[in-house]
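In each ligand, atom 1 is the first atom listed, and ligand 1 is the first ligand listed.
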Amino acid sequence: MCSFPCGPKRHKKAEGERSGHIDTPCASVPVRRIRAKAPTRDTSRGNVVRVKAIRRLTVRPVLPDPLRPLSDLARNLRWSWHPETRDLFHSVDPECWTASGGDPVRLLGTVRPARLAELAEDRRFLRRLTAVADDLDHYMTGDRWYQAQSGRLPAAVAYFSPEFGITAALPQYSGGLGILAGDHLKAASDLGVPLVGVGLLYRHGYFRQSLSRDGWQQEHYPVLDPHELPLAPLKERDGTPAHVALALPGGRELRARVWLAQVGRVPLLLLDSDVEENDPGERGVTDRLYGGGSEHRLLQEMLLGIGGVRAVRTYCRLTGHPAPEVFHTNEGHAGFLGLERIAELCDAGSDFGSALEAVRAGTVFTTHTPVPAGIDRFDRELVARHFGPDAELPRIEVERVLRLGMETYPGGEPNLFNMAVMGLRLAQRANGVSVLHGGVSRGMFAGLWPGFDADEVPITSVTNGVHAPTWVAPEVFRLGARQIGVQRAEDALAVGGSDRWDSVADIPDRDIWELRRTLRAQLVEEVRERLRASWRQRGAGTAELGWIDDALDPDVLTIGFARRVPSYKRLTLMLRDRERLTELLLHPERPIQIVVAGKAHPADDGGKRLVQELVRFADDARVRHRIVFLPDYGMAMAQKLYPGCDIWLNNPLRPLEACGTSGMKAALNGCLNLSVLDGWWDEWYQPDFGWAIPTADGAGTDPDRRDAIEADALYDLLEQRITPRFYERGASGLPDRWLEMVRRTLSLLGPKVLAGRMVREYVERLYTPAAEAHRAMDPDSARGLAEWKARVRAAWSGVSVDHVETSAATASAELGTTLALRVRVKLGDLAPEDVEVQAVSGRVDSEDRITDAARTPLKPVGGPDLEGRWAYEGPLALDRTGPFGYTVRVLPAHRLLASGVETGLVAVPSGDLVEAAGLLMR
Ligand SMILES: *Cc1c(COP(=O)(O)O)cnc(C)c1O
């Protein structure tokens with residue numbers, strides 16, 4: 001049936017070997033491209049002599065006219081979250097579909113012409129094709145959530161990320177950050193948000209993982225050919241490929257072509273430096289994700305940020321797409337996008353200061369890591385070399401570029417250029433990715449806003465979410481759709497809205513339990529297949545593998561643990577007490593089984609040792625039917641794994657997991673979470689949704705002891721709470737209490753963890769305010785703000801709080817009393833409209849620090865007096881009992897600031913004044 005040349009083995013080409021070209025399917029007359037073949041090793045073996053081609057062509061399949069819509073359906077990645085479209089491709093040729101790994105572009109490149117001719121006559125198939133194509137058309141053009149919003153929404157938003165995980169068929173991600181970016185694009189598409197994604201196209205994608213016989217991680221990097229991927233080249237009007245170029249030191253140039261992936265309604269632009277015009281060094285810039293040394297990384301990030309903005313401009317010019325009013329950088333890697341936009345404005349006549357203000361207003365920066373080692377920092381000299389008159393952005397003084405990334409705060413490293421610091425300085429709005437991580441980030445970057453408490457640092461948080469249509473198993477979706485109808489079920493997943501999720505309450509227990517059993521059984525089958533493949537690859541013969549037929553059991557409580565393997569995620573915490581774990585696995589009545597997966601970074605031998613430890617434990621014949629390690633964790637595996645588990649385990653070192661999203665994907669399929677209270681789980685944990693592993697993160701606990709305490713707690717929970725609840729049966733013969741938790745997880749947690757909810761929050765809380773700020777920042781306003789900031793900074797030493805009095809400054813007072821506060825401040829060369837004078841009040845701790853402070857502006861009532869002091873007044877309500885205190889401060893104020901904290905300037909009463917005025921009361 002299938003004319004696939006070598007089946008799935010194509011994925012396993014050796015490095016350096018070029019794969020065959022199958023262009024994006026197109027109904028037009030086949031276009032032939034002739035390309036000189038890259039020199040390769042002679043791979044012929046034994047007696048087999050292979051004649052080598054001296055030229056190779058890309059031959060595109062020709063679809064018969066009635067099948068033309070298949071080409072559009074394959075080209076738009078919406079198929080990756082639309083089961084009906086996938087079902088249609090499946091029925092084109094089930095065998096080819098499986099061999100293609102579920103990738104429509106590959107499928108169409110390999111189906112026999114005779115089969116296509118048959119389908120072109122098949123009325124039933126054509127009816128389905130028309131229906132699915134109409135559905136896509138409606139999806140692409142109809143009004144969605146965004147179009148129903150009122151208010152001054154951004155005309156477009158550009159979203160930059162170093163990686164995008166959209167589907168296994170476009171392997172351009174390494175882990176959570178990329179998958180999140182993919183989910184962000186898909187949810188934006190579902191909501192109708194006019195987003196443009198920007199990233200790099202890596203020739204090697206991320207590595208594929210396998211195991212050696214003794215469990216050591218092996219990596220290989222399949223070469224990706226863009227012509228075989230669901231991509232189309234962005235073309236100039238004359239049909240030539242669109243390029244962007246960057247100037248490098250020494251007169252060199254870095255050119256990149258722009259590929260376009262269509263993610264539903266959202267275009268994703270991917271820059272690719274592997275073009276013939278580049279020198280070999282520059283060709284390799286986009287060779288692999290996070291590969292190479294510092295200079296390589298810097299070039300990748302310059303291409304992403306600077307080249308990315310140029311690609312967006314080109315795309316808008318060629319397609320008429322509206323120009324983005326907001327630029328969002330997902331982590332600091334794309335931070336140079338701000339510099340390029342400053343340079344654009346400078347070219348149009350702005351000075352640096354006003355251009356900086358204009359760019360900041362329309363920039364959003366999301367930080368993703370509380371681990372300082374996770375932030376890119378470059379040698380100052382390296383950065384200096386790549387900017388300035390002989391390199392990029394010649395209009396901007398190199399010193400100004402460097403100042404943006406310098407760690408000018410206590411503990412900072414003066415010779416390093418920090419991408420996160422630059423990100424924060426170039427963005428007027430910034431956020432972390434869970435409530436807890438927002439707080440951790442405010443502490444981590446507090447040095448950039450000296451004089452302010454960490455809780456005032458202007459970094460908010462938007463908790464991550466996951467794209468439900470991608471991550472909910474079709475079986476789960478079908479059960480929901482049976483309850484409330486397909487349309488409402490689709491809306492529930494895409495947009496959220498808890499009313500749509502309430503109906504989970506009405507699904508009978510028996511149906512939920514049956515669904516769980518089905519999903520678990522499917523996972524067991526999948527695991528056996530993967531295990532067999534892995535063992536063959538590790539060198540085992542068929543005769544050795546009989547045990548795999550009975551590996552895992554579809555009726556045993558199944559625990560999943562899969563993630564990258566940096567040390568803070570503690571892959572091997574479960575092995576801490578091997579005897580106890582073995583008892584849990586082999587318990588005669590209430591056993592557990594565990595599926596583990598995860599890739600260690602190729603350069604991280606420590607991580608590889610952890611993988612090996614786990615693999616060796618799982619290889620033991622005593623337990624190998626109850627615990628397995630599956631190599632090559634990726635999206636395809638993840639989509640099977642989350643739904644099939646009963647418990648999703650996560651045991652990071654709190655608070656190092658910024659958010660974590662795999663547990664959310666599991667929850668959407670009715671899996672319960674068992675996790676340390678970190679990231680999103682810290683925010684949304686309820687006893688109904690799973691279990692919290694207590695953390696021993698108090699100061700001073702040594703790491704080893706901490707592991708021991710937390711591992712013991714994990715075993716206790718499994719033994720005493722979780723397994724009994726899973727195996728106990730109620731009157732109906734079902735595990736009632738377990739099912740109640742599943743039900744509550746789906747109906748109450750489900751609507752929160754959606755990427756649709758996340759993207760709505762970005763639109764409402766960050767994109768729209770940023771677009772408004774951007775519009776307010778016309779050239780005059782931007783210049784005004786820049787000049788004002790410079791003036792305020794210069795004059796700030798003349799600002800002081802001189803006198804504070806209250807109507808009744810006794811040491812005790814009654815709840816409900818309102819005091820009149822009267823203050824005198826000196827403003828030096830500034831005027832009252834340049835500042836805000838605030839009363840800050842609230843509960844005080846034992847060291848008189850005000851906690852959970854209320855900040856109330858005071859009103860100017862007169863001045864200046866003979867000593868040049870201005871009077872301010874306001875009420876101070878004693879609205880809480882217990883130790884209470886207040887103080888007064890002066891901040892710069894301007895209508896174009898996002899917050900009073902933004903400038904980092906503040907004046908507070910001197911220590912003497914605090915004493916004299918009795919500013920603190922008990
Ligand atoms: C969701 C996902 C991740 C991220 O999971 P975390 O919980 O954030 O570690 C990583 N890899 C894949 C394949 C995923 O689907």
Side-chain angles (χ1 to χ4, degrees), residues 80-81 161 163-184 186-187 205-209 289-290 330-331 366 368-371 374 432-434 436-437 463-473 526 530 559-571 573 595-601 607 610 630-645 647-669 671 673-684 690 753-755 758:
S80 69
W81 71 95
S161 173
E163 43 174 310
F164 285 94
I166 292 158
T167 149
L170 191 58
Q172 297 287 319
Y173 62 91
S174 71
L177 182 75
I179 311 260
L180 177 81
D183 281 5
H184 195 102
K186 293 172 185 173
Y206 203 54
F207 74 91
R208 308 288 301 262
Q209 178 197 46
L289 194 48
Y290 307 137
N330 188 40
E331 196 42 277
T366 300
H368 281 269
T369 176
V371 188
V433 291
S434 66
L436 180 64
H437 176 240
T463 304
N464 285 342
V466 297
H467 184 246
T470 299
W471 296 108
V472 167
E526 171 85 13
R530 285 181 180 264
I559 300 175
F561 183 102
R563 44 191 46 88
R564 290 177 303 113
V565 192
S567 57
Y568 79 85
K569 295 204 185 224
R570 294 192 294 188
L571 173 74
L573 188 73
V595 183
V596 187
K599 291 174 173 179
H601 189 279
L610 298 182
L630 301 181
D632 208 29
Y633 181 47
M635 285 185 80
M637 183 198 294
Q639 282 169 322
K640 297 271 168 51
L641 185 53
Y642 305 137
C645 291
I647 291 283
W648 193 254
L649 172 65
N650 192 17
N651 48 230
L653 280 170
R654 186 180 193 269
L656 298 184
E657 183 84 286
C659 179
T661 51
S662 51
M664 298 180 176
K665 302 173 208 167
L668 278 177
N669 287 286
C671 172
N673 275 272
L674 166 59
S675 169
V676 166
L677 286 176
D678 201 1
W680 73 278
W681 190 236
D682 184 62
E683 201 167 320
W684 289 331
V753 302
L754 302 179
M758 167 183 75

With R570 via salt bridge (Lys or Arg N to Asp or Glu O under 4.0 Å) - residues at least two apart:
D707, E710

Test salt bridge (Lys or Arg N to Asp or Glu O under 4.0 Å) applied to K665 - qualifying residues, sequence neighbours left out:
none

Residues in salt bridge (Lys or Arg N to Asp or Glu O under 4.0 Å) contact with R564, at least two apart in sequence or another chain
none

Taking C-beta and beyond as the side chain, do H368 and L180 meet within less than 4.5 Å on heavy atoms?
yes

Find out whether K599 and D632 are in side-chain contact, i.e. whether some heavy atom of one side chain is under 4.5 Å from a heavy atom of the other.
yes

Check ligand 1 for close polar pairs with the protein: N or O on both sides, less than 3.5 Å.
residue, atom, partner, partner atom, Å
ligand 1, 7 (O), T661, N, 3.2
ligand 1, 7 (O), S662, N, 2.9
ligand 1, 7 (O), S662, OG, 2.5
ligand 1, 8 (O), T661, N, 3.2
ligand 1, 9 (O), K569, NZ, 2.8
ligand 1, 15 (O), Y642, OH, 3.1
ligand 1, 15 (O), K665, NZ, 2.6

Are the side chain of E163 and the backbone of S174 linked by a donor-acceptor contact shorter than 3.5 Å?
yes

